[in-house]
Amino acid sequence: PSGSTSYSTPISVSVTETLYAVAGGVGWTDSSTGIASYTITSVPIAAPSKLSLTFSSQTTNTVSFSQTFTVSNTGGSNLIFSQPFDVSGDFTATTSDCLTTTQVAPGSYCTFTVYFMPCLVGPRTGVITLYDNSGGSASAQQVNLFGTGIGVNQGVCQKGVTIVVH
């Protein structure tokens with residue numbers, strides 16, 4: 001029917017569940033009962049705890065102290081890393097719980113540990129790129145990396161060094 005009807009009777013609304021994220025939804029009202037209904041689609045949302053990491057000055061070809069950041073799933077369905085993460089520049093990263101075989105549940109997080117090992121003297125930059133299903137489709141999150149190499153330029157850079165933490 002066309003037109004609208006106003007009611008002066010108050011309605012009460014109760015919330016029984018917290019929604020983390022809504023990608024889209026469709027709403028309608030049943031004309032015979034006046035009850036509103038909604039279909040909600042929930043998606044994972046990747047939220048890195050830091051958008052950048054800055055390391056102290058570091059002697060070339062030596063490994064810095066580590067820094068960490070987390071990736072929280074603030075969405076409403078499992079966050080899945082679709083491929084291994086990439087690290088560029090004079091940096092390396094490790095994780096034991098942000099793997100492609102892991103699903104990060106809503107409200108949970110996983111942790112990355114990052115190290116800086118400059119090959120050259122001067123400002124050094126890099127990026128960690130994480131590939132996931134944030135927002136319900138293929139997505140990439142990035143954390144920028146900064147540091148300064150000090151000392152003497154080395155003729156050989158030790159890329160791909162395995163970091164052993166004792």
Side-chain angles (χ1 to χ4, degrees), residues 13-30 35-58 60-120 123-149 157-166:
V13 176
S14 65
V15 177
T16 58
E17 190 173 324
T18 301
L19 294 177
Y20 291 97
V22 177
V26 177
W28 66 91
T29 301
D30 183 325
I35 297 174
S37 300
Y38 295 91
T39 300
I40 297 173
T41 304
S42 188
V43 297
I45 303 294
S49 62
K50 298 177 182 174
L51 298 179
S52 67
L53 296 174
T54 300
F55 288 82
S56 298
S57 294
Q58 185 69 31
T60 56
N61 278 338
T62 63
V63 179
S64 69
F65 287 106
S66 65
Q67 290 192 42
T68 61
F69 70 93
T70 60
V71 177
S72 298
N73 180 2
T74 60
S77 61
N78 286 342
L79 178 67
I80 301 168
F81 293 97
S82 56
Q83 66 187 56
F85 59 92
D86 290 328
V87 183
S88 67
D90 296 347
F91 302 87
T92 188
T94 62
T95 184
S96 62
D97 56 353
C98 298
L99 306 171
T100 57
T101 56
T102 305
Q103 294 187 15
V104 182
S108 296
Y109 65 90
C110 60
T111 304
F112 285 88
T113 303
V114 184
Y115 301 89
F116 174 46
M117 191 172 98
C119 290
L120 300 172
R124 312 300 295 155
T125 61
V127 175
I128 295 179
T129 304
L130 313 172
Y131 304 96
D132 56 52
N133 64 333
S134 186
S137 61
S139 179
Q141 317 308 314
Q142 292 189 324
V143 175
N144 295 303
L145 306 171
F146 303 95
T148 301
C157 289
Q158 299 178 20
K159 288 291 191 182
V161 171
T162 300
I163 305 294
V164 178
V165 179
H166 298 282

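Note on ring orientation: taking the six-membered ring where Trp is involved, the planes of F69 and F112 are parallel (angle under 30°, cut-offs 30° and 60°).
Atom OG1 of T148 and atom CG of D90 lie 11.0 Å apart (nearest 0.5 Å). A distance of 8.5 Å separates CG of N133 from CD of Q103, quoted to the nearest 0.5 Å. The OG atom of S82 sits 10.0 Å away from the CG atom of L130 when rounded to the nearest 0.5 Å. Rounded to the nearest 0.5 Å, atoms CG (N78) and OG1 (T102) are 11.0 Å apart. Remark: S66 OG to Y115 OH distance equals 4.5 Å, nearest 0.5 Å. Between the CG atom in N144 and the CG atom in L51 there is a gap of 8.0 Å [rounded to 0.5 Å].
A pairwise comparison of heavy atoms in P118 and T62 identifies CD-O, 3.8 Å as the closest pair. Contact record, S77 with S42: OG-O, 3.6 Å, taken as the closest heavy-atom pair. Between F91 and G126, the closest heavy-atom pair is CE1-N, 3.5 Å. Heavy-atom minimum distance, T111 versus T95: O-OG1, 2.7 Å. Among all heavy-atom pairs drawn from T54 and Q67, the shortest one is O-NE2, 2.8 Å. Closest of all the heavy-atom pairs between P106 and G75 is CB-O, 3.3 Å.
D86 and Y131 share a donor-acceptor pair across their side chains, judged by distance under 3.5 Å alone. In this structure, a donor-acceptor pair under 3.5 Å is absent between the side chains of Q58 and S56.
Counting only distance, with no hydrogens or angles, the side chain of N73 and the backbone of I45 share a donor-acceptor pair below 3.5 Å.
Contact check for V104 versus V71: no side-chain heavy atoms found under the 4.5 Å cut-off. Looking only at side-chain heavy atoms (C-beta outward), F81 and C110 come within less than 4.5 Å of each other. Between L53 and F116 there is no side-chain heavy-atom pair separated by less than 4.5 Å. Using a 4.5 Å cut-off on side-chain heavy atoms (C-beta onward), N61 and M117 make contact.
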Run L145 and I128 through side-chain contact (heavy atoms from CB on, under 4.5 Å) and show every step you take. CA-CA 8 Å; L145 306 171; I128 295 179; 3.7 Å; yes

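Atom CZ of F85 is surrounded by more than 12 heavy atoms from other residues, nucleotides or ligands within 6.0 Å.
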